[in-house]
Protein chains: 2
Amino acid sequence: MRVSLKDVAAHAGVSIKTVSNVVNNFQHVTPAMRERVQRSIDELGYRPNLTARHLRAGRTGIIALALPELGNPYFAELAAAVIDTAAEHDYTVLLDHTGGRREQELLVSQGFRARVIDGLILSPIELETEDLRDRAGEVPLVLLGERDYDLPYDHIAIDNVAAARAAVAHLVALGRREVAFIGARRGRNEPAQLRVRGWREELTAAGLPVDEGLVAATDGWGHADGAEAMTRILDAGRRPDAVFAYNDPMAIGAMRVLHTRGLRVPEDIAVVGFDDVVEGRFGAVTLTSVSPDKGAIGRLAVASVLARLGGAAPEPQRVRAPYRLVERESTLGRRAADRSPKG
Amino acid sequence: MRVSLKDVAAHAGVSIKTVSNVVNNFQHVTPAMRERVQRSIDELGYRPNLTARHLRAGRTGIIALALPELGNPYFAELAAAVIDTAAEHDYTVLLDHTGGRREQELLVSQGFRARVIDGLILSPIELETEDLRDRAGEVPLVLLGERDYDLPYDHIAIDNVAAARAAVAHLVALGRREVAFIGARRGRNEPAQLRVRGWREELTAAGLPVDEGLVAATDGWGHADGAEAMTRILDAGRRPDAVFAYNDPMAIGAMRVLHTRGLRVPEDIAVVGFDDVVEGRFGAVTLTSVSPDKGAIGRLAVASVLARLGGAAPEPQRVRAPYRLVERESTLGRRAADRSPKG
DNA sequence: CAACGGATGTATAACGTTGCAAAACCAGCG
DNA sequence: CGCTGGTTTTGCAACGTTATACATCCGTTG
């Protein structure tokens, strides 16, 4: 059985509270007493019971981070940033994995899965506005990612429309005229459309036709989905001279297909991805990508949760995280301006 | 303030225990009473306080999974398997991130970081045997991965020596004679050497010289480390005809360097990785890799922790998880036998 | 030397839940 | 109508911790 304050107190011949005082480094404990109690603590191997402490104090020191895919290195890198930042504030992160399924996201947002937490950072895919409306009595929530909700929660994301426009503008500046978009979400009324919108807006601004036949919807966001979408476009007889993918894995999947079809990147088709995952820097053709500042997003998310932890309720805000466009071999050619937003 | 059993009891005009009985679906509650209490529960929006429940029950329903790198998709995929299996048993997984640093691993193994857990699954990198010897009063521990300890804990891993031998044997069967090893761990007395040992044993068995100059040590296990190691080998004037890398990211990093140096894979140099991450299937040259059954490992790990949860202490065991060698373009050539172990 | 007051240690009551044992209730039966 | 035996409901204690209020100690001071 585990050692409790009571055991230590009995062993040291003092009251429970005195042991507690030593454990918590309270003032008004004589050095002699402190040492005596500490000796018992060490001897018995006492360790505080967090559950009990939480019951008393009303907090656990755990915040949950719910992500759609751990397999996507973007989320893995983001998670690492969140975990490290939280650790600096003596918080532990409980990572949850929704698979981007609405049911799972719902469970998480309502606290049914991760049940012993002080706050929640959620990156939703499928969740609708009304799903989040009624979470009375729940812990503070911070939202991440492309989905846009009209709800009183902090939301941390880069400006997806602007970032997508920067990517397309870069392709246009290279002289590309037919830019495909890979990775529109299939089967949603209001899918994660900000990047498609950016694509559309920038093409329009450049005076180029917006060809919806060059938008390929997919079910998922992995390599295979990108490959499948690229295959579909090519098999439809289309030969765009550039591809903008929803994320890097999809871009890499698309490049694989282009390679097997004998199309050269960037000579025949330029490719831009999104997220700047490390994998994109080590292919045979390195990948140009929109690079959100994952460290900043992680730090902002943790700060945001912590800010409303003590019952404090600051005004909800949309935070725009920094990003930049990193140019690599997949769009090599005439130099285009690097579009960086203000930090 | 949150609604407690007491509030519901007062509202419904019954005792606290009766409300508890309704909440827990106990028998011996009349339908009328059940409905009346349920009405109060709904009206007040009562939700059980898990912390209190845990304090009472002595368990939290959380198991921790501590991994060295979330950014490596191998671990991400493994984590997904663990999370899903745990969820089936009504357990939540708290993911921890050690970065492969001894200090962090020590904290985790001694329960200082994730302190509200019922059990721990740990994939250690730096931890030594003696570090794990004294964890009296700690929660059940299951070890994963290549490190081998002589300790009374369950250990779940594939047979790393045999798997490495299979990889090297495959290269030898292709007629390769100079097989480099990339990713021996730098700066450790007894590093994760099982794969190096397999490499050594198989070369010896094949009657080939074991050239330690073809073993490249690295600090980490990422793309960049693989690239750096490959560069080092080439810059030393060596021209092996095959490379066996500690894991897939390193193999891919190495292939990038080979590509930039104008060396063709597999014609000039064949490459085999380890872990079979999805990324390896979508490069310009797809990657042959040792493919551990991540789903099985995850399931075995969870089962192992759960088995010793109730205080039960089954005999500690080494569990060999299944794996196979998946051949792809990076070793295309003369066909070699597929070495699969018994499942 | 009695009274005072700051420093130090202690007893008790929570936090919200559930297991246990006992109490209250309700037929049915002699 | 009281007793029996079963069902339903209740009261209390306990899980391990900390906040609060109180008790004790001891050196100073008038």
Side-chain angles (χ1 to χ4, degrees), chain A residues 1-41 44-62 90 111 115-118 137-139 310-311, chain B residues 1-38 40-41 44-62 111 115-118 137-139 310-311:
Chain A
M1 204 39 218
R2 257 186 87 140
V3 182
S4 77
L5 281 184
K6 193 155 78 177
D7 304 317
V8 178
H11 185 270
V14 297
S15 81
I16 291 178
K17 188 66 220 293
T18 298
V19 182
S20 171
N21 287 341
V22 171
V23 170
N24 293 287
N25 257 315
F26 276 19
Q27 53 179 353
H28 303 320
V29 181
T30 54
M33 175 60 88
R34 190 178 296 276
E35 199 197 340
R36 172 167 145 216
V37 171
Q38 189 61 51
R39 207 191 313 275
S40 292
I41 288 177
L44 297 180
Y46 166 78
R47 298 253 313 291
N49 177 323
L50 264 272
T51 307
R53 192 176 274 180
H54 173 225
L55 178 58
R56 200 50 249 242
R59 49 172 292 263
T60 56
I62 298 182
D90 282 325
R115 302 162 293 188
V116 201
I117 60 174
D118 293 339
E138 279 305 327
V139 297
Chain B
M1 204 41 217
R2 255 185 92 138
V3 183
S4 76
L5 281 184
K6 194 155 80 175
D7 304 319
V8 178
H11 185 271
V14 297
S15 79
I16 290 178
K17 190 67 222 291
T18 299
V19 182
S20 171
N21 287 340
V22 171
V23 170
N24 292 287
N25 257 314
F26 275 19
Q27 52 181 351
H28 303 319
V29 180
T30 55
M33 174 62 88
R34 189 178 296 278
E35 199 197 342
R36 172 168 144 216
V37 171
Q38 190 60 52
S40 292
I41 289 177
L44 297 180
Y46 167 77
R47 296 255 310 290
N49 178 324
L50 269 279
T51 305
R53 196 175 271 180
H54 292 154
L55 177 59
R56 195 60 245 252
R59 48 173 291 266
T60 57
I62 299 182
R115 298 164 295 190
V116 203
I117 61 174
D118 293 339
E138 279 304 328
V139 296

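Bear in mind that the values here come from a model prediction, so they are computed numbers and not experimental data. Just so we're on the same page: letters track the sequence lines, and every chain starts at 1.
The salt bridge (charged side-chain N to carboxylate O under 4.0 Å, His left out) analysis of residues 3-18 of chain A, with sequence neighbours excluded, yields no pairs.
Under the 4.5 Å side-chain criterion, counting only non-hydrogen atoms from C-beta, A:Val23 is not in contact with A:Arg47. The shortest side-chain heavy-atom distance between B:Asn24 and B:Arg53 falls under the 4.5 Å cut-off. Taking 4.5 Å as the limit, every side-chain heavy atom of B:Ile62 sits out of range of all side-chain heavy atoms of B:His54.
The nearest pair of heavy atoms linking B:Val139 to B:Ile117 is CG1-O, 3.3 Å. Between A:His11 and A:Ser40 the shortest heavy-atom distance is ND1-OG, 2.8 Å. Closest approach of A:Val3 and A:Tyr46 over heavy atoms only: O-CD1, 3.4 Å.
Under 4.0 angstrom from either OP1 or OP2 of C:dT18 there lies at least one side-chain N or O belonging to B:Ser20. Residue B:Asn24 has a polar side-chain atom (N or O) positioned under 4.0 Å from OP1 or OP2 of C:dT18. The side chain of B:Arg53 places no N or O atom within less than 4.0 Å of a non-bridging phosphate oxygen (OP1 or OP2) of C:dG16.
Direction of the helix axis in the helix from C:dC1-D:dG30 to C:dG30-D:dC1 shifts by 80° between the two five-pair termini, rounded to 10°.
Atoms OG and CG, on A:Ser4 and A:Leu44 in that order, are 9.5 Å from each other to the nearest 0.5 Å. Atom-to-atom distance recorded for B:Leu55:CG and A:Leu50:CG is 11.5 Å, nearest 0.5 angstrom. To the nearest 0.5 Å, atoms CG (B:Asn21) and CD1 (B:Ile16) are separated by 12.0 Å.
Rounded to an integer number of Å, the gap from CG of A:Asn21 to P of D:dA19 is 9 Å. The nearest whole Å value for the distance from the CG atom in A:Leu55 to the P atom in D:dT17 is 12 Å.
A heavy atom closer than 4.0 Å to some atom of DNA chain D occurs in A:Ile16, these being the qualifying members of residues 6-16 of chain A. Residues from residues 25-38 of chain A that place a heavy atom under 4.0 Å from any atom of DNA chain C, listed by number: A:His28, A:Val29, A:Thr30, A:Met33.
Contacts of B:Arg34 classified as side chain to side chain contact (heavy atoms under 4.5 Å, CB included), with partners at least two apart in sequence or in another chain: B:Val22, B:Asn25, B:Val29.
Among D:dT10, D:dT18, C:dG16, the nucleotide with an atom closest to any side-chain atom of A:Leu5 is D:dT18.
For A:Arg56 against D:dT18, a side-chain-to-base donor-acceptor contact under 3.5 Å is present.
With hydrogens and angles ignored, the 3.5 Å screen pairs a side-chain donor or acceptor of A:Asp118 with a backbone N or O of A:Thr60.
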N/O contacts under 3.5 Å, protein versus nucleotides 21-24 of chain C?
none

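When heavy atoms are screened at a 4.0 angstrom cut-off, A:Thr18 is found touching base atoms of the nucleic acid.
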